[in-house]
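Every value quoted in this text rests on a predicted model; they were computed, and no experiment measured them. Chain letters run A, B, ... following the sequence lines, proteins first and then strands; every chain starts at 1.
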Amino acid sequence: MPIVLIVLGMAGSGKTTFVQRLVSQMSMEGKRTYNVNLDPAVLEVKFPASIDIRDSVKYKNIMKSYKLGPNGAILTCLNIFAAQFDQVVKLIEAKKDDIDYVIIDTPGQIEAFSQSASGQIITDSLACTFPCINLYIADTVRCENPNTFMSNMFYALSILYKSKIPLLICFNKIDVLDHSFALEWMKDFEQFDQNLSKVDTYLSSLSRSLSLVLEEFYKNIEACGVSAGTGKGFDKLELKFEKCKQEYYDVFYLEIQKKLKEKQDGQGVAMSAFEDQLK
Amino acid sequence: MATGFGCVVVGPAGSGKVMQEAGETHKRIYKVCNLDPAAEIFKYKCDIDIRDLISLDDVQEEMNYGPNGGLIYCMEYLIENIDWLMEELQEFAEDAFVLFDCPGQIELYSHLDIMPRLVREIQKSGFLLCATYCADGTFINEPTKYISACFTSLSTMTQLSIPHINILTKCDKIPDQDQIERVTQMSAVDVLNSMNSSFPPKYYELNQRIVEVIDNFNMVQFVPLNIQDEESIDTIIQQIDSVVQYDEFRLPKESLLPPEDEADRDDQMYGNEAGENDMDY
């Protein structure tokens, strides 16, 4: 069974470079990958893509025909693609014995995937069939600011609870800034707290409870540091992937199977929501 | 004395419109200021539009930026030319209530401090601000999705440093009307049990802590907006008013005493300035 890696990241986190590097690293190690591009607005896909959303949906045409702005157009493209996604799953299933990893590059705007019905449907259909991991790419340099770090962690947590599949946080750009501070903050919350801006009193009443949440969150996710630019850290990724895959099978998988029927109902709701959008 | 009241609306495109419609049903006039340079052609009129100053189309065409880079450029441009916005806002009467319809990209709130800076600028000119984070209610069909929305909101709102309310929009479009109530009004124990059933045992402690936060802090919770339901709209308008301290600071429409003397009446209205210092968030 191939492991599916869904790569998510905010604009500027280096997500696409990460995917490029990952694909080439895997190829170097003799692993067989099946690469999928889900970014309808990208100008050039810099890795060999077995499936490319742009083949089925034309972003510019959608923008024109539906008179949409860039966000609306990306969402609509994803919606249309998600409606046919079971075909993609079948394609992958047919080749499952010949693939080690399915690598999925998502749209540059993270909300388009992480907060949309179509992103949900795509994730669910993959997770029902294959061990599936969310790779959350974080910009290590930006994360040096504790507020940004916290913001990122909340976002990652929100992704975990929405998708209910294992989460691996990859701190990218470690060639520019080593990510050990981030790992320290995750291990020792008191240290993080000291660094956090105390000027922001708005959340202070909340922050003790939130810090307890984050502390526990860190125990439940895998994290690692990489540089998509230089390739540093990529050799250690496979171990993490295996760990996450184990986690997937331990209980996520059972839950997914149990809720398969309910998910279909849930998808019914989500489907009609974006069918409306398509009108 | 506040120049005006404002609500920074963050959410999917059109959230500001939804809020304005809701206000209209309650005879509350909200002015709408569109601050999303990538917004599509509106079917409703907005009172101020950033696209009169700069639009994503312009930037992408003239400077060859992609949609992300272009968006950032537009927002930076707005901040540099904030006087333009202030002039436009002067056109409104004092104590007007303005909905600032903002782009939803999380990067603008967390990584780059563009939105926090914009909020500061608007506050500097005398606006009392709050924020609403809008999420699509039709997707929230189970507690874990609700949790997810709570944390996306926290992720976005933490650096704005203004009081905020979370709103679930489109609740009138949910076929199963009980769904939203079930999810938003579930007891803490039920939410916890539901979460624990979706996650392996090692997550139980995390689930517990999350439920505690949500249970104890209103600002993390979501209020459903059902545009067909008067009570729902009323609740939201009241919450927004209270969080932005609308009732405390706006000009009273009628004086409590008969207006015998213009000067006396002015003293009464403009008397209390002490409250403004409380607005340090």
Could you list the donor-acceptor pairs under 3.5 angstrom formed between side-chain atoms of residues 213-223 of chain A and any protein atom two or more places apart in sequence or on another chain?
unit_1   : atom_1 : unit_2   : atom_2 : d
A:Glu215 : OE1    : B:Arg209 : NH1    : 3.3
A:Glu216 : OE1    : A:Lys219 : NZ     : 3.3
A:Asn220 : ND2    : A:Glu216 : O      : 3.4
A:Glu222 : OE1    : A:Lys240 : NZ     : 3.1

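- Ranked by heavy-atom pairs shorter than 4.5 Å toward chain B, the options A:Leu43, A:Asn145, A:Asn152, A:Ile74 are led by A:Asn152.
- For the side chain to side chain contact (heavy atoms under 4.5 Å, CB included) with B:Phe151, the qualifying choice from A:Leu160, A:Ile159, A:Leu210 is A:Leu210, the only one to do so.
- A distance of 9.5 Å separates CG in A:Leu157 from CG in B:Leu154, rounded to the nearest 0.5 Å.
- Distance check, rounded to the nearest 0.5 Å: CD of B:Glu107 to CD of A:Gln109 gives 7.5 Å.
- Taking 4.0 Å as the cut-off between side-chain N and carboxylate O, B:Glu142 and A:Lys164 count as a salt-bridged pair.
- From A:Gln115, atom CD reaches atom CZ of B:Phe139 across 9.5 Å, with rounding to the nearest 0.5 Å.
- The distance from the CD atom of A:Gln120 to the CG atom of B:Asn141 is 8.5 Å, given to the nearest 0.5 Å.
- With B:Ser155 contributing its side chain and A:Ser151 its backbone, the two residues share a donor-acceptor pair below 3.5 Å.
- Taking CD1 of B:Ile106 as the start and CD1 of A:Ile110 as the end, the distance is 8.5 Å to the nearest 0.5 Å.
- Contacts of B:Leu112 with chain A are made by side-chain atoms alone, with heavy-atom separations under 4.5 Å and no backbone atom involved.
- Note: B:Thr152 OG1 to A:Tyr155 OH = 6.0 Å, rounded to the nearest 0.5 Å.
- For CZ of A:Phe85, the number of neighbouring non-hydrogen atoms (other residues, nucleotides, ligands) closer than 6.0 Å is greater than 12.
- For B:Asp57, no part lies under 4.5 angstrom from a heavy atom of chain A.
- When heavy atoms are compared at a cutoff of 4.5 Å, A:Ser114 does not approach chain B at all.
- Looking at B:Leu56, only its side chain comes within 4.5 Å of chain A, counting heavy atoms on both sides.
- Looking at every heavy atom in both residues, A:Lys162 comes nearest to B:Ser148 through CB-OG, 3.3 Å.
- Legend: residues meeting side-chain contact (heavy atoms from CB on, under 4.5 Å) with A:Glu247, ordered by chain and number and at least two apart, are A:Pro166, A:Phe252, B:Lys202, B:Tyr203.
- Most heavy-atom pairs under 4.5 Å with chain B: of the set A:Leu212, A:Asn71, A:Asp139, this distinction falls to A:Leu212.
- Between chain A and the options B:Lys145, B:Gln105, B:Gln60, heavy-atom pairs under 4.5 Å are most frequent for B:Gln105.
- In this structure, the side chain of B:Ser110 does not engage the main chain of A:Thr148 through any donor-acceptor pair within 3.5 Å.
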Before you tell me yes or no, could you show the steps for A:Tyr161 and B:Phe199 under ring pair (Phe, Tyr, Trp, His ring centres under 6.0 Å), namely the whole-Å CA-CA distance, both residues' side-chain angles and the distance that decides it to 0.1 Å? CA-CA 9 Å; A:Tyr161 275 81; B:Phe199 283 90; 4.7 Å; yes
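- Around NZ of A:Lys46, the count of heavy atoms belonging to other residues, nucleotides or ligands within 6.0 Å does not exceed 12.
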